[in-house]
Number of protein chains: 4
Amino acid sequence: MTTAPAPRADAARNRELLLAAAEAEFAERGDEASAASIARRAGVAKGTVFRHFATMDELIAAIVAKRLAHLTALAREQLDSDDPAAGLYRFLIVAADQRTQLDLRFLMSVSNDCTAACVRDELHGEVVRLVDRAQASGALRADITGTDVFLLMCSPLHAVENLPGPPRPNLWRRYLDLIFDGLRPQGAHPLSEPAPDWGTDRTPGS
Amino acid sequence: MTTAPAPRADAARNRELLLAAAEAEFAERGDEASAASIARRAGVAKGTVFRHFATMDELIAAIVAKRLAHLTALAREQLDSDDPAAGLYRFLIVAADQRTQLDLRFLMSVSNDCTAACVRDELHGEVVRLVDRAQASGALRADITGTDVFLLMCSPLHAVENLPGPPRPNLWRRYLDLIFDGLRPQGAHPLSEPAPDWGTDRTPGS
Amino acid sequence: MTTAPAPRADAARNRELLLAAAEAEFAERGDEASAASIARRAGVAKGTVFRHFATMDELIAAIVAKRLAHLTALAREQLDSDDPAAGLYRFLIVAADQRTQLDLRFLMSVSNDCTAACVRDELHGEVVRLVDRAQASGALRADITGTDVFLLMCSPLHAVENLPGPPRPNLWRRYLDLIFDGLRPQGAHPLSEPAPDWGTDRTPGS
Amino acid sequence: MTTAPAPRADAARNRELLLAAAEAEFAERGDEASAASIARRAGVAKGTVFRHFATMDELIAAIVAKRLAHLTALAREQLDSDDPAAGLYRFLIVAADQRTQLDLRFLMSVSNDCTAACVRDELHGEVVRLVDRAQASGALRADITGTDVFLLMCSPLHAVENLPGPPRPNLWRRYLDLIFDGLRPQGAHPLSEPAPDWGTDRTPGS
DNA sequence: AATGAATGAGGCTTCATTCAT
DNA sequence: TATGAATGAAGCCTCATTCAT
């Protein structure tokens, strides 16, 4: 069961250091982040980055996986709330609030990474469950799916990014509210396109 | 009297070729687009890119300006429609439908370009007008602003980008419908954050 | 005899404009001077530069030739002065004073240009003549040659260039005086190297 | 105790290789020298140039600093010679002889580099000391300064550069002798310009 | 396992020169 | 002849990745 020897303690710590540094760099500097700046921030040598993550894409995949796993956990926390709709709403709040939503652009450039794809599927599953519960309780319109909510999850944060001038840290809540109102049964109009398939059976990629 | 722009015919054509090639490259390859790939696609030498656009940023600014100007025109077309809400909805449709919405992230990396900023402000103004009319007609909830709609404009396209698997070209309509339902008066819940200022009086930046 | 038709008037004027602009640009901006900046300064299109001078090197050669020819004229003016040594001194003064001495670096990168080489040889000849007269008058030490003086001609200007801080426009005179004192018979010490040959019979080069 | 600089051995060697290659390239090809040609000559990859010198200017500054530091050392060696004038003369000889005098034009394009400026000031100081001693001994005319000699230091090499035809490796000695004769008290004529200030208190520049 | 030097492909930009108008 | 657009070879520099220590 113990496949890894002891001295890994240091290595594991470095891995965490690097992940944290990378998240921070990508968050602060976006595309400007580089292996060098991440290593510097983590306090390790550049070579160490590549000992832990063979490729920059792998690093990104690891971040994404971590973030998505965290989101999955948050979703599960809300699965047994008394008010299903409130639970879903709270999930969407905490998910964004903890800036846990890394720009999902990354997911696409990495979607052929198996790990990230799997963990994303898992999160998707939880969101589906949350949505199903809320629909069963009648608080959500019947013509939407968990996949819809999954896809819309980042919209509040995206919307806010296009506002010029100084950032308004909580403004995204406004757009979450607005979008959430669109998910309710009241005043729902028919949708012009059918719901998308999540497509669980993906081919592994290249 | 028009003796001057004689050899400009070719040049103007090249400029359009370049803009088109650049749009296509950025659309297809995003950050990977380069002056070289754009030139290749346009069928001109690399140096020609820089005759027309002194800087890569200038090229991007030109694309953004062109796209936003187009959107502005589309918005104006809907300003005198009989049904204001339908007009706004149609604007949002055609805007997205013509994939006219270049990823607005670019605007941020270029926001210090005066032209792009100005033309963006102009588009914002038209959207505000459209929204005001729709509100006056009672078809839109009263607690939202044109700025809100402006910020949400790209959300349908963004949402769709996160769907794994083969693309569904019109799926974005589904999310436009959903979001639009959230803008209606029926079933509106109070919003947790006040509307943002557009901040017309921006400082030019260094 | 009239090999050139009338419309050359314009062309000739442009040629002078270009030469003047090029001199000014090289003087002000040194290596930073470019075909574009020269054309701009001359008020013509870039293509026109190359109609008059097939190559940048040719332009430089033309400038050098013009400058050297001017120097030659100045030298001749002093050939019949009463006091030969004073004549030589005055020549050295006016040569430098009129900033007629373009950085001779150029000469080297162009020395295979026949025109420039010829006109330089001519100037050399005049300097030799001035020096010979001065030596005959006993005002110059006997162990130096006109070639020596020719080579030292630019030294005062070169020396001054290495002074940091704000330029002292006439400081070069100090070094001309100093060097000139070294050319006098008084206190002359034997020289460790024989005088160089000018080498009149140069091969034209590629 | 000296565990740190272990892998530096190779790096240091490369740095020297690069400096040497750069000196050679600049000497042979002047402005034509490029990062690529330097790297090729040093037998390293182009990127390695920039690991050692962040900028081309930095490389040049390093060369200049190295050369000037060497000159400074040579000057100090002569400070305690018995015959002050001979010491100064020997300094000027060895300085030029070891082709240690890189074209000082470079200094100007780099004068905002603090290191180079400082080391140049240092060399200037030593020359001043050598000249002061020689003046005190009566072997040098009284109306010149160390700054004068500093400025004239490169003149013999410059003079030689203007001789067409095959190079005469030691010809510069002839002009050093000539110039040195001008520095002696015998036959000195009054100088038309006062001595320049070195201007020790330069502002650092932006 | 960690380090940091080395690599080399690739990006942006400049500029002398050519060429169609 | 003049124009100015087009060309393409370099130039400088960055950065992910590899490798010797």
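Keep in mind it's a predicted model, so treat the numbers as computed, not measured. Below, chains carry the letters A, B, ... as their sequence lines are ordered, and counting in each starts from 1.
- B:Asp31 has its CG atom 11 Å from the P atom of E:dC12, to the nearest Å.
- Base pairing of F:dT7 is made with E:dA16, judged by Watson-Crick or G-U wobble geometry with both donor-acceptor distances under 3.5 Å.
- At a threshold of 4.0 angstrom between heavy atoms, the contacts of C:Val44 are confined to the sugar-phosphate backbone, with no base atom among them.
- For F:dA2, the OP1/OP2 oxygens have a side-chain nitrogen or oxygen of C:Asn14 closer than 4.0 Å.
- Across all strands shown, E:dA1 remains unpaired; no Watson-Crick or G-U wobble contact has both distances below 3.5 Å.
- With D:Ser34 contributing its side chain and D:Ser37 its backbone, the two residues share a donor-acceptor pair below 3.5 Å.
- When rounded to the nearest whole Å, the span between CD of A:Glu32 and P of F:dC15 equals 8 Å.
- Nucleotide E:dG4 holds its P atom 13 Å from the CZ atom of A:Arg40, rounded to whole Å.
- If you take CD of B:Glu25 and P of E:dG11, they are 11 Å apart, rounded to a whole angstrom.
- Side-chain atoms of D:Lys46 and base atoms of E:dT7 include no donor and acceptor less than 3.5 Å apart.
- Ranked by how close their nearest DNA chain F nucleotide is to the 5' end, A:Ser34 and D:Ser34 are led by D:Ser34.
- One can place CG of D:Asp10 at 11 Å from P of F:dA20, the figure rounded to the nearest angstrom.
- For the pair A:Gly47 and B:Gly47, both in contact range of DNA chain E, the more 5′-proximal nearest nucleotide belongs to A:Gly47.
- In this model, the phosphate group of E:dT3 is approached by a side-chain N or O of A:Thr48 to a distance below 4.0 Å at OP1 or OP2.
- C:Phe50 has its CZ atom 15 Å from the P atom of F:dA2, to the nearest Å.
- Along DNA chain F, the nucleotide nearest C:Gly43 and the nucleotide nearest A:Ala33 are compared for position; the residue whose nucleotide lies closer to the 5' end is C:Gly43.
- Whole-Å rounding puts the C:Asp57 CG to E:dC15 P distance at 16 Å.
- Put simply, C:His52 has a side-chain N or O that comes within less than 4.0 Å of OP1 or OP2 on F:dA2.
- Summarising the base pairing, E:dT21 is matched to F:dA2 through a Watson-Crick or G-U wobble pair whose two defining distances lie under 3.5 Å.
- In terms of heavy-atom proximity, B:Ile38 sits nearest to B:Ala21 at O-CB, 3.7 Å.
- The separation between D:Met56 atom CE and E:dT13 atom P is 20 Å, rounded to whole Å.
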Go through A:Glu23 and A:Lys66 one step at a time and tell me if the side-chain contact (heavy atoms from CB on, under 4.5 Å) criterion holds.
-> CA-CA 10 Å; A:Glu23 290 187 39; A:Lys66 183 183 167 193; 2.9 Å; yes
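- Looking at the side chain of D:Ala45, the nearest of the listed nucleotides E:dT17, E:dG8, F:dG8 is E:dG8.
- Considering only side-chain N and O atoms, C:Thr55 lies nowhere under 4.0 angstrom from the phosphate OP1 or OP2 of E:dA16.
- Counting only heavy atoms from C-beta outward, the side chains of A:Thr55 and A:Ile60 never approach each other to under 4.5 Å.
- One finds a salt bridge joining D:Arg41 and D:Glu28 here, because a Lys/Arg side-chain nitrogen approaches an Asp/Glu carboxylate oxygen to under 4.0 Å.
- Closest approach of C:Phe50 and C:Met56 over heavy atoms only: CZ-SD, 4.3 Å.
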